[in-house]
Amino acid sequence: MSVRSPSERRVALVVIGGGRYAAVEIDDADEEQSRITLTAAELAGWVRDAEASDSPRWIIRSAREIYSVLLAADVHIARSHDLLLCHAILRDTATVASPLAPSAAWERKEPTDAVPALFDVFDDERGEDPVAEALEQFRSQRRVMSAATDGRLTLLCAAESAGGLIAEEMRVAGLPWNEQVHDRILTETLGTRPMAGGLPSRMVELADQVRTILGDANLHLDSQQKLLRALHRVGVQVESTSKWELAQHEHPVVEPLLAYKKLSRLLSANGWAWLAEWVHDGRFRPVYIPGGVVTGRWASAGGGALQLPRSLRPAVRADQGWTLVVADVAQLEPRMLAAMAADEAMARAAQGRDLYAGVVESGAVGTREEAKYAVLGAMYGATTGDSGRLVPRLRKVYPRAMALVDTAARTGEDGGIVSTWLGRSSPRPSDEWMRLQSEATSADADPAVVALARRRARDWGRFTRNFVVQGTAAEWSLIWLAEIRHRLRQFDETFAAAEASGPFSRMPHLAFFLHDEVILHVPEQHAEEAAAAVQEAAVTATRRLFGNFPIDVPLDLRIAMSADK
DNA sequence: GCCGGTAGCGCG
DNA sequence: AAAGCGCGCTACCGGC
């Protein structure tokens, strides 16, 4: 991903209704220079040619809407400006004096199902002149981006737009998923698959064991209420059926019950039904939603892409003749915190693979475990328990880093807005929250209301505290992803073009992304090259964000047939 | 039978 | 009711 240079060619692709598209050349003043009209059948070919000749930045309403159409015709684009994704950022940013005016027409409607909102494309009623409206929106967005003198919003929008493209590409490519391996794991863990309706054999055994111990042969284990009453009857005085609470008790029922619950979860979330619904032709194709989380993290819809249990990792297997490049960042968030705060002591602790070991060396805490709890507590706002007790020790050793998160928390408690490193801002607290706070400040306020307001203020403070760190980590990851894609495209051109016979047939490609982790699917002979690209991309992402500030962001990087660790 | 709220647990 | 952030999904359960 590169930030636009003045001479860069820009073309807006606009849906103009009746199944037709306008391709509009934009000059350096962001004015329309020329326009041609394309039918749906002509679109892909025209874009392919333009892309091949000088790879313009495509101004699009949304990658979800239009890139899926292009990809279906095996047309890839390098760069875009995604008006829907950037609208949200530029409208909410608190880092410039005049953010973008809100407009319902440029708000992303979240699809609630797994099908992309393709039919938006053919909405003829959208406006008077869709081209003029798109260009006007683009100009407004450009004004806001350039109001940030340091280019941060421009970088953020470029990265967010690249993310929009990558999300669509990853869905088309899919994650290579071996159904036989998945089936074997299920059978080994849950027992033999039931013929119809019933539970697998190991679950049946465990359930019988639990029912025997609880003295109720017909107990329905999946009902918390019935289970809770049965537990009370045998003297297990828990207030909930959650596993952390059950684990505190010593009773013969605990072990088989926890085992049953674990298997039950695997069966219902990622069992044979999931496999049949979500894996086709050896690929799992989740719908990614870039920027779907307030902090800028991606969300997903359908298939639970971001919650795949680690026990199923071995089912992620490269095709014959291919391999996986699997990379993740260790302790990304505290590293981002150290760099944002320019906390050199914390950056020193972050040197090398294990940040927590560095924290121990600094003398703040005695063990790695303590370091972990202290650091997580600092970023999440722990006040009690082991974690809360350890946080003050960090405040002595890393005053700058702690001041950054403490300030973010105080801003939130006061109803203020915080921003990430590149300028994505937290939402305003709700009207209800505001009302409660002002109600609590009146002289004759009910003490219960005051206490509640205080609690809600602290809750929101913990959210804004974490927002700046989680959101900046999301920005690093987004740039990392975009830089990986950029490098794969570069070296792909040199060897794959001649062999290509379909989408991603010979191309190394991104196959999975999970907050601070990527999986690439790569022809074997290019594995080393791809791994190097992932590493270089990380270095570049760090430099893009923090210049020469010395912060290490080391990767766990491996080349393997399966994603299993 | 449909719907929304809640519990619980998977991921980072 | 985990202490301490952000999500999505499934199954229950009560109300209609």
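The chains referred to below are lettered A, B, ... by the order of the sequence lines, with proteins before strands, and numbering in each begins at 1.
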(request) For the residue pair A:Tyr380 and A:Ser387, confirm or rule out a side-chain donor-acceptor distance under 3.5 Å. (result) no
(message) Output the rounded distance in Å from CG (A:Leu266) to C1' (C:dT10).
(response) 13 Å
(message) Pairing donors with acceptors under 3.5 angstrom, does anything connect the side chains of A:Ser240 and A:Glu245?
(response) yes
(request) Specify whether A:His182 and A:Trp274 have parallel, tilted or perpendicular ring planes, treating 30° as the upper limit for parallel and 60° as the lower limit for perpendicular. (result) tilted
(message) What's A:Val294 touching, base or sugar-phosphate or nothing? Going by heavy atoms closer than 4.0 Å.
(response) sugar-phosphate
(request) Give a yes/no on whether any side-chain N or O of A:His220 is located under 4.0 angstrom from OP1 or OP2 of C:dA11. (result) no
(request) Mind calculating the distance between CG (A:Asp459) and P (C:dG6) to the nearest angstrom? (result) 9 Å
(message) Rounding to an integer number of Å, can you tell me how far A:Arg229 CZ sits from C:dC12 P?
(response) 15 Å
(request) Note every stem involving DNA chain C: at least three consecutive Watson-Crick or G-U wobble pairs, i with j then i+1 with j-1, with both distances under 3.5 Å. (result) B:1-12 with C:5-16
(message) When you measure from the side-chain N and O atoms of A:Ser242 to the phosphate of C:dA1, is any distance below 4.0 Å, counting only OP1 and OP2?
(response) no
(message) For a quick test of reading the model: is some side-chain N or O of A:Thr383 closer than 4.0 Å to OP1 or OP2 of C:dA3?
(response) no
(message) Checking A:Glu475 against A:Thr420: is there a side-chain donor and acceptor pair closer than 3.5 Å?
(response) yes
(message) Looking only at the side chains, is there a donor atom on one of A:Asp354 and A:Gln331 sitting less than 3.5 Å from an acceptor on the other?
(response) yes
(request) Indicate the ring-plane relationship of A:Trp460 and A:Phe463, choosing parallel, tilted or perpendicular according to the 30° and 60° boundaries. (result) tilted
(message) From C-beta outward on A:Arg297, which listed nucleotide comes closest to its side chain: C:dC12, C:dG6, C:dC9?
(response) C:dG6
(message) Counting only side-chain heavy atoms from C-beta out, which of C:dC5, C:dA2, C:dG8 sits nearest to A:Trp244?
(response) C:dA2
(request) Give me the ring orientation class for A:Trp421 and A:Phe546: parallel if the planes are under 30° apart, tilted from 30 to 60°, perpendicular past 60°. (result) tilted
(message) Distance check needed: C:dG8 P versus A:Tyr288 OH, whole Å only.
(response) 14 Å
(message) Is A:Gln470 close enough to C:dC7 that one of its side-chain N or O atoms is under 4.0 Å from OP1 or OP2 there?
(response) no
(request) State whether the side chain of A:Thr464 and the backbone N or O of A:Gly461 hold a donor-acceptor pair below 3.5 Å, judged by distance alone. (result) yes
(message) Reading DNA chain B in the 5' to 3' direction, which nucleotide is the first one with an atom under 4.0 Å from a heavy atom of chain A, and which is the last?
(response) B:dA7 to B:dG12
(message) For A:Glu250, I'd like to know if atom CD has over 12 heavy atoms of other residues, nucleotides or ligands within 6.0 Å.
(response) no
(request) Using a heavy-atom cut-off of under 4.0 Å over every strand shown, decide if A:Gly377 touches base, sugar-phosphate, or nothing. (result) nothing
